[in-house]
Chemist: 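Pasting in a structure now, in structure tokens, and then I'll have a few things to ask.
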2 protein chains.
Amino acid sequence: MSVAIENFVKAIYKNNMHDIKDTKPGNIAKKLGISNAAATDMAKKLAAKELLNYEKYQELQLTEKGTKMALNVIRKHRLWEALLFKMFDMSLHDIHREAELLEHQTSDLLAEKISEYLGHPKFDPHGDPIPNALGEITTKNTSISLSEAKEGQTYMISRLMSDDKEFFEFCAQNQIKYRNTLTVSKQFVNNKMTQILIGSNTIVLNEDFTKIIYVDEN
Amino acid sequence: MSVAIENFVKAIYKNNMHDIKDTKPGNIAKKLGISNAAATDMAKKLAAKELLNYEKYQELQLTEKGTKMALNVIRKHRLWEALLFKMFDMSLHDIHREAELLEHQTSDLLAEKISEYLGHPKFDPHGDPIPNALGEITTKNTSISLSEAKEGQTYMISRLMSDDKEFFEFCAQNQIKYRNTLTVSKQFVNNKMTQILIGSNTIVLNEDFTKIIYVDEN
DNA sequence: AATTATTTTTAAGTATACTTAAATATTTTA
DNA sequence: TAAAATATTTAAGTATACTTAAAAATAATT
């Protein structure tokens, strides 16, 4: 299966996971940076391959086969991120960019070798879960977003759910890193902002960021 | 530049290095598993991109730009081989197959990180030289092929110049490995065969193999 | 509910990287 | 050196993954 197909299936999977947005060709097209027409075309093509169910004007739904494919690609992506992060001094955004390409050129055998080498990790450096070779995911449902966190409470960062370069640059500059701890010093409820204490810094984050930083009680 | 272009340029480079065969579209086509017509097409296309010089019915010659591109891809291939070989228990042929795909999806930055991690190695696990970031190669001109080796002399294996699966399976089964030592016990000059002592085994190799196994005096 | 706006789909067209078949040139060999 | 064999090139055609523009359907707004 081609890179275009793998990316399409992955985009649908992620859209169904993270967003409330409906999974129609237009939304997928926007994520992939292609035209709506191209997305409709691809949807039909993948329906013929039994990777998804397609009916005109309806939402796209991955079949079990399509879901397996998406999880396999995501597994490889996150294993690469974990490996590159461990071995090399590279930013979260850089390892994401490399993994985005490497994920499509990695045999199941190599993925397994990487997983083994890392001790079969369940999470990547963003805190995103790594599916196992069967496509099974360990979910961590104790995590909450910073926007829901309690004032005065100390938390451990469990997930940075983004692939925006600027966000990761901000993270790198402010010790916002998977498994670091922070304390919520103030919730500005009306302004939807959150003030945190991390290391020796006090930072005020707006909702754009507090909704994608997930934490666990410590 | 596309994978097809990188592979084309790489095939020309290798053809000019290793073989006496003339570098015409047909030979390149054979190596890449495409039709002669496709190779002629590509040659014209790459000439327009100034990656090679093309004149009807003449040999294909890489320009400096084309050579740089080939060396950059080869560098990434061999760095991946060195990394995978060091980290994982995989056969020489398997790491070759993975590297063949990964080489096209590796940024210069990542290549440099891999090189750094490995201590900027000059040779990969086949003994093939790894070009540096500028495309410079350290050549080792003291090596000779086993077919030219002296009876009674002990050598160190310096290069296994092949990408044939069966050859590498044979190597794996017989301790024929980069930097292992062997002794030439007999040269069967008329039959073009060579008998070697490696570990506790005695093996007779025909010319197909003795021409691609390179050794250094010890 | 009707109009407007937005999305989706269809249709026609493009670039890349191939293919096969036929024409042309080169190379081999007798 | 002329004929035969081989290689290269040209021409026409295909699949993939897109594009833009227009038509059709759905969703939003008044």
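Chain A is the first sequence line, chain B the second, and so forth, proteins listed ahead of strands; every chain is numbered from 1.
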Chemist: Tell me the interatomic distance from A/Asp41, atom CG, to D/dA21, atom P, rounded to whole angstroms.
Modeler: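 For the pair A/Asp41 CG and D/dA21 P, the rounded distance is 17 Å.
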
Chemist: Output all residues satisfying salt bridge (Lys or Arg N to Asp or Glu O under 4.0 Å) with B/Asp108, sequence neighbours left out; order by chain, then residue number.
Modeler: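 In terms of salt bridge (Lys or Arg N to Asp or Glu O under 4.0 Å), with neighbours along the sequence ignored, B/Asp108 is linked to B/Lys76.
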
Chemist: Could I get the full list of side chain to side chain donor-acceptor pair (under 3.5 Å) partners for B/Ser145, not counting sequence neighbours?
Modeler: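 For B/Ser145, the residues satisfying side chain to side chain donor-acceptor pair (under 3.5 Å) (neighbours in sequence not counted) are B/Ser147, B/Glu148.
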
Chemist: Measure the distance from CG on B/Leu46 to P on C/dT16 and round it to the nearest whole Å.
Modeler: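 My rounded result for the distance is 11 Å.
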
Chemist: How is B/Lys30 classified with respect to the nucleic acid when contacts are heavy atoms under 4.0 Å: base, sugar-phosphate, or nothing?
Modeler: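 Result for B/Lys30 = nothing.
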
Chemist: Specify the separation, in whole Å, of atom CD of B/Glu55 and atom C1' of C/dA25.
Modeler: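 Roughly 15 Å, once rounded to whole Å.
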
Chemist: NA contact type, A/Phe8, heavy-atom cut-off 4.0 Å: base, sugar-phosphate, or nothing?
Modeler: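 The answer is nothing, as A/Phe8 stays clear of every strand by at least 4.0 Å.
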
Chemist: Would you tell me if any nitrogen or oxygen in the side chain of A/Ser35 comes within less than 4.0 Å of OP1 or OP2 on D/dT19?
Modeler: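 For D/dT19, OP1/OP2 do have a side-chain N/O of A/Ser35 under 4.0 Å.
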
Chemist: Classify the ring geometry of A/Phe123 against A/Tyr178: parallel below 30°, tilted from 30° to 60°, perpendicular beyond 60°.
Modeler: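 Because their plane-to-plane angle lies in the 30° to 60° range, the rings of A/Phe123 and A/Tyr178 count as tilted.
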
Chemist: Examine the side chains of A/Ser91 and A/Glu169 and answer whether a donor and an acceptor come within less than 3.5 Å of each other.
Modeler: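 Their side chains do not contain a donor-acceptor pair, so the 3.5 Å distance test is not met.
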
Chemist: Using a heavy-atom cut-off of under 4.0 Å over every strand shown, decide if B/Ala37 touches base, sugar-phosphate, or nothing.
Modeler: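 Base: the residue B/Ala37, judged by heavy atoms under 4.0 Å, touches a nucleobase.
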
Chemist: Suppose we screen for ring-ring contact (aromatic ring centres under 6.0 Å, His included). Which residues come up paired with A/Phe170, at least two apart in sequence or across chains?
Modeler: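 Partners of A/Phe170 under the ring-ring contact (aromatic ring centres under 6.0 Å, His included) test: A/Phe209.
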
Chemist: What is the distance, to the nearest angstrom, from the NZ atom on A/Lys49 to the C1' atom on D/dA15?
Modeler: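 Checked: the NZ to C1' distance equals 10 Å.
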
Chemist: Just the table, please: protein N/O against nucleotides 23-27 of chain D N/O, every pair under 3.5 Å.
Modeler:
residue	atom	partner	partner atom	Å
D/dA25	O4'	A/Tyr57	OH	3.2
D/dA27	OP1	A/Lys24	NZ	3.3

Chemist: Does anything in residues 109-132 of chain A form a side chain to side chain donor-acceptor pair (under 3.5 Å)? List the pairs, not counting sequence neighbours.
Modeler: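 Those involving residues 109-132 of chain A are A/Arg75-A/Glu112, A/Glu81-A/His126, A/Ser115-A/His120, A/Asp128-A/Arg159, A/Asn132-A/Glu136.
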
Chemist: Distance check needed: D/dT9 P versus B/Leu60 CG, whole Å only.
Modeler: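 Value for this atom pair: 8 Å.
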
Chemist: May I have the distance from B/Asn36 (atom CG) to D/dT6 (atom P), rounded to whole angstrom?
Modeler: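 Spelled out: CG on B/Asn36 to P on D/dT6 is 14 Å.
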
Chemist: Nearest whole Å is fine: how far is C/dA15 C1' from B/Met1 CE?
Modeler: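 It is 15 Å, rounded to the nearest whole Å.
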
Chemist: Residues two or more places apart in sequence or in another chain: which of them pass salt bridge (Lys or Arg N to Asp or Glu O under 4.0 Å) with B/Lys192?
Modeler: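 So B/Lys192 forms no salt bridge (Lys or Arg N to Asp or Glu O under 4.0 Å) with any residue.
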
Chemist: Can you tell me the distance, in whole Å, between the NZ atom of B/Lys44 and the P atom of C/dT16?
Modeler: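 For the pair B/Lys44 NZ and C/dT16 P, the rounded distance is 15 Å.
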
Chemist: Could you check B/Pro25 against A/Ala4 and say which one's nearest nucleotide on DNA chain D is further toward the 5' end?
Modeler: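 It is B/Pro25, whose closest nucleotide lies nearer the 5' terminus.
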
